[in-house]
Amino acid sequence: MSADTLQGGFADAPREAARAFRACLDVMARPGTIAEVSGAVPPAPLSIGAGVILLTLCDPDTPVYLAGRMDSPEIRQWISFHAGAPITETRAEASFAFGTWEALLPLAEFPIGSAEYPDRSTTLVVALDRLEPDMGARISGPGIRDVARLPLPDTEAFQDNHLLYPQGLDFFFTAGARIAALPRSTKVEGV
Amino acid sequence: MTKKRQTWMGLLARAPSERVIALWDGIGKAPEFSWARMPETGGVMVRGRMGGTGDAFNMGEVTVTRCALRLETCGTTGHAYVQGRSRRHAEIAALADALLQTDEAATIETGLLDPLQREEEARRARRAAKAAATKVDFFTMVRGEDA
Amino acid sequence: MYVAVKGGEKAIDNAHAWLAEERRGDPQVPELSLAQIREQMALAVNRVMSEGSLYDPDLAALAIKQSRGDLIEAIFLIRAYRTTLPRFGATRPIETGEMRCERRVSATFKDLPGGQILGPTFDYTHRLLDFKLAAEGEAPQPAEEAEGSAGPVPHVTEFLNRDGLIESEARDEAVPPDLTRAPLELPANRALRLQSLTRGDEGFLLGLAYSTQRGYARNHAFVGELRIGAVAIEMDIPELGFAVEIGEITVTECETVNQFKGSKTEPPQFTRGYGLVFGQTERKAISMALVDRALRWRELGEENQGAPAQDEEFVLSHADNIQATGFLEHIKLPHYVDFQSELELIRKIRAEAEAYQAAQSKTPEAAE
């Protein structure tokens with residue numbers, strides 16, 4: 001293992017993970033909210049935001065799928081040292097999936113949970129180029145007063161996903177140190 | 001190298017914490033290092049095999065403390081996974097793991113590994129000898145037949 | 001109907017303070033150290049580790065001290081602590097064939113290779129109170145030592161296996177299910193059953209195992225082998241890319257050999273029950289093996305006699321003493337409003353019954 005992949009984890013894990021967890025919770029509970037996070041410096045092309053989500057939510061019980069260029073030996077080593085999460089090559093086994101929107105498509109192979117256990121689904125962490133507030137698709141639903149906006153890479157895919165509720169996928173979006181989220185409960189109304 | 005490293009990491013992990021700490025203090029080394037992972041205590045699920053030889057099943061957890069560090073002088077990394085909750089034991093095991101990969105290996109071998117090895121062998125031999133003294137041969141006196 | 005109550009903080013604080021004082025007992029009597037509990041109450045420590053599902057003798061000793069020797073309360077403390085630990089991963093399956101046996105007996109093979117090793121057992125004691133132990137300060141005579149190989153000894157069942165007279169264990173390298181991570185779903189496979197049994201309550205398993213011996217799901221077990229000793233625990237370290245030994249634990253393993261006349265799917269042969277428990281815990285390990293065997297009726301094509309030990313849902317749902325005591329003991333906590341509604345219901349039914357009787361007695365012609 002190269003020494004570099006031993007770097008870039010939380011320096012003060014209990015505090016940083018608690019703060020990061022709060023940020024993940026906030027953006028997921030209030031879709032449209034954008035949070036700035038810190039503490040993780042993962043190997044490129046994994047962003048700081050994606051790295052923080054990974055360190056906070058992934059562990060040996062959550063198989064991680066790396067799509068496209070996210071799947072590199074450095075990133076695999078970094079994940080195994082800092083999070084201990086197993087890497088899976090099978091989308092159907094993934095608890096979390098990291099990649100650009102294009103690399104993560106098609107979504108159909110990611111598990112959406114069952115009627116008894118809707119939580120047995122994948123959370124996708126989508127890398128975007130930019131994440132600016134009050135731009136993009138109009139969204140509404142639980143956690144949103146009236147209407148919010150989120151720059152989504154697609155509209156129809158998220159509308160289809162919402163129809164699966166209570167089953168379905170959940171999404172984080174990351175750009176640099178910024179994170180946002182779109183749970184399956186959110187209705188996407190288009191741009 | 002891997003084989004040797006597995007051997008010393010296992011020996012350091014199995015040894016009693018008090019002995020690891022006492023022997024390390026006796027060597028009197030305090031190399032500069034930085035943490036790649038601070039010592040943390042967690043659980044590792046112990047697995048058994050059905051019938052002793054079959055498929056695996058989960059038995060229960062064991063407390064384990066782990067850490068990883070890098071020597072300032074040469075950048076060599078040392079890792080430790082040690083049963084129990086002693087952070088100091090894990091730190092010393094990781095330092096020893098790093099130093100054993102450098103030209104200081106001989107000091108660590110004679111000051112730490114060799115005594116731990118001898119003590120472990122003595123501990124095991126003592127219990128094996130007590131067990132051997134309770135070995136029994138049952139003599140068949142009467143073989144009961146269905147009557 | 002359910003209503004929360006509040007108040008009583010002062011009384012609760014005072015109760016806890018008194019509990020701490022009672023825990024310590026007479027201050028004229030020296031206080032117990034954790035090392036004393038760990039070394040001298042080792043079998044209690046072992047029970048707390050196995051049912052608490054966490055191998056750490058010092059923590060188990062602390063839990064026993066804190067719980068005033070109430071082992072189920074101690075197990076509760078260990079279970080609660082266990083949930084705070086991050087999970088680093090899992091060991092490779094321990095190889096009990098490599099065990100450095102300190103006890104190893106067989107009831108079925110008199111002359112087993114490697115010999116019968118009695119170890120530090122109660123088996124042949126007379127169960128007479130030893131009043132010498134009441135006098136403090138005297139160290140026991142060191143036990144005899146003898147020449148003997150410390151090497152691993154083979155499993156007894158493998159001798160039968162060579163002749164094809166006992167079923168062989170299936171072996172694939174699938175990741176076993178873990179009931180501490182995913183909710184128990186029935187029917188459970190054998191891996192899940194064994195996990196549930198090894199952390200289950202000793203008394204419950206003993207009772208069930210005894211019931212099979214008395215004829216409920218009779219499966220006539222013999223102890224093929226019982227062994228106690230230390231085994232290394234080895235774990236794959238992902239950041240290193242190889243496995244290392246991370247420590248050593250003592251376990252008790254029991255393999256039973258059971259008569260089996262054969263079924264539609266299986267030939268006549270011996271079948272196996274298996275027990276594997278943390279620490280020196282042989283009553284539990286034997287019980288586990290008997291209950292494991294009884295629960296295997298379906299896969300062996302045996303008849304379901306409707307015995308409790310064959311009922312997977314019954315056994316797995318009631319084996320855990322922390323689940324059991326949690327539900328049992330909650331009924332002593334405030335249920336005032338619940339009970340008020342019960343009281344009102346009883347009063348109402350009673351009033352109705354009395355009114356009915358009164359009406360009946362006023363119309364004697366109707367009663368005739």
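Here is how names work: the chains are called A, B, and so on, in the same order as the sequence lines, proteins then strands, and each is numbered from 1.
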I'd like to know if the side chain of [X] reaches the main chain of [Y], judged simply by a donor and an acceptor atom lying under 3.5 Å from each other, with no hydrogens or angles considered.
X     : Y      : answer
B/N58 : C/P177 : yes
C/T91 : B/R47  : yes
C/R87 : B/G42  : no

Chain B contact via [X] - side chain, backbone, both or neither, heavy atoms under 4.5 Å:
X      : result
C/V251 : side chain
C/R272 : side chain
C/E248 : both
C/Y274 : side chain
C/D58  : both
C/S196 : neither

Mind checking the [atom1]-[atom2] spacing from [X] to [Y]? Nearest 0.5 Å is all I need.
X      : Y      : atom1 : atom2 : answer
C/I246 : B/T65  : CD1   : OG1   : 10.5 Å
C/E245 : B/L12  : CD    : CG    : 12.0 Å
C/E255 : B/M50  : CD    : CE    : 13.0 Å
B/R85  : C/L85  : CZ    : CG    : 9.5 Å
C/T198 : B/M59  : OG1   : CE    : 4.5 Å
C/E145 : B/R126 : CD    : CZ    : 8.0 Å

- prompt: Can you name the residues that form a ring-ring contact (aromatic ring centres under 6.0 Å, His included) with B/Y81, not counting sequence neighbours?
  reply: none
- prompt: Within a radius of less than 6.0 Å around CZ of C/F270, do more than 12 heavy atoms belonging to other residues, nucleotides or ligands occur?
  reply: no
Among the options [options], pick out the one with the most heavy-atom pairs lying under 4.5 Å from chain B.
options                       : answer
C/L194, C/V244, C/L192        : C/L194
C/P57, C/A90, C/A191          : C/A90
C/E95, C/E253, C/R104         : C/E95
C/I233, C/L59, C/V105, C/T121 : C/L59
C/G247, C/P86, C/A230, C/P93  : C/P93

query: Should the pair C/R190 and B/F57 be classed as cation-pi, given the thresholds of under 6.0 Å to the six-membered ring centre and 45° from the axis?
result: no
When only pairs under 4.5 Å are counted, which of [options] shares the most heavy-atom pairs with chain C?
options                     : result
B/K130, B/R5, B/R66, B/M9   : B/R66
B/V64, B/T53, B/T7          : B/T53
B/A13, B/G10, B/A131, B/G43 : B/G43
B/A68, B/G54, B/A15, B/A80  : B/G54

message: Tell me whether B/E61 is salt-bridged to C/R82, with the criterion being a basic N under 4.0 Å from an acidic carboxylate O.
response: yes
query: Does the pair B/R127/C/E102 count as a salt bridge with the N-to-O cut at 4.0 Å?
result: yes
task: Just jot down the side-chain hydrogen bond (donor to acceptor under 3.5 Å, both in side chains) partners of C/T271, sequence neighbours excluded, or say none.
output: C/R293
- prompt: Can you name the side-chain hydrogen bond (donor to acceptor under 3.5 Å, both in side chains) partners of B/E120, sequence neighbours left out?
  reply: B/R14
- prompt: Which answer fits B/V82, side chain, backbone, both or neither, if we ask what part of it has an atom under 4.5 Å from a heavy atom of chain C?
  reply: backbone
If I compare all heavy atoms of [X] with all of [Y], which pair ends up nearest, and what's the gap?
X      : Y     : answer
C/I94  : B/R49 : O-CG, 4.4 Å
C/P176 : B/A56 : CB-O, 3.4 Å
C/S53  : B/G60 : OG-CA, 3.4 Å

query: Side chains of B/M45 and C/D178: does their closest heavy-atom pair fall under 4.5 Å?
result: yes
query: Does some side-chain heavy atom of B/V62 sit less than 4.5 Å from a side-chain heavy atom of C/D56?
result: no
- request: Verify side chain to side chain contact (heavy atoms under 4.5 Å, CB included) between B/K135 and C/Q116, making sure each step is shown before the conclusion.
  value: CA-CA 5 Å; B/K135 196 179 273 192; C/Q116 307 251 7; 5.8 Å; no
message: Non-hydrogen contacts under 4.5 angstrom with chain C: give the residues of residues 16-41 of chain B involved, or none if there are none.
response: B/R37, B/E40, B/T41
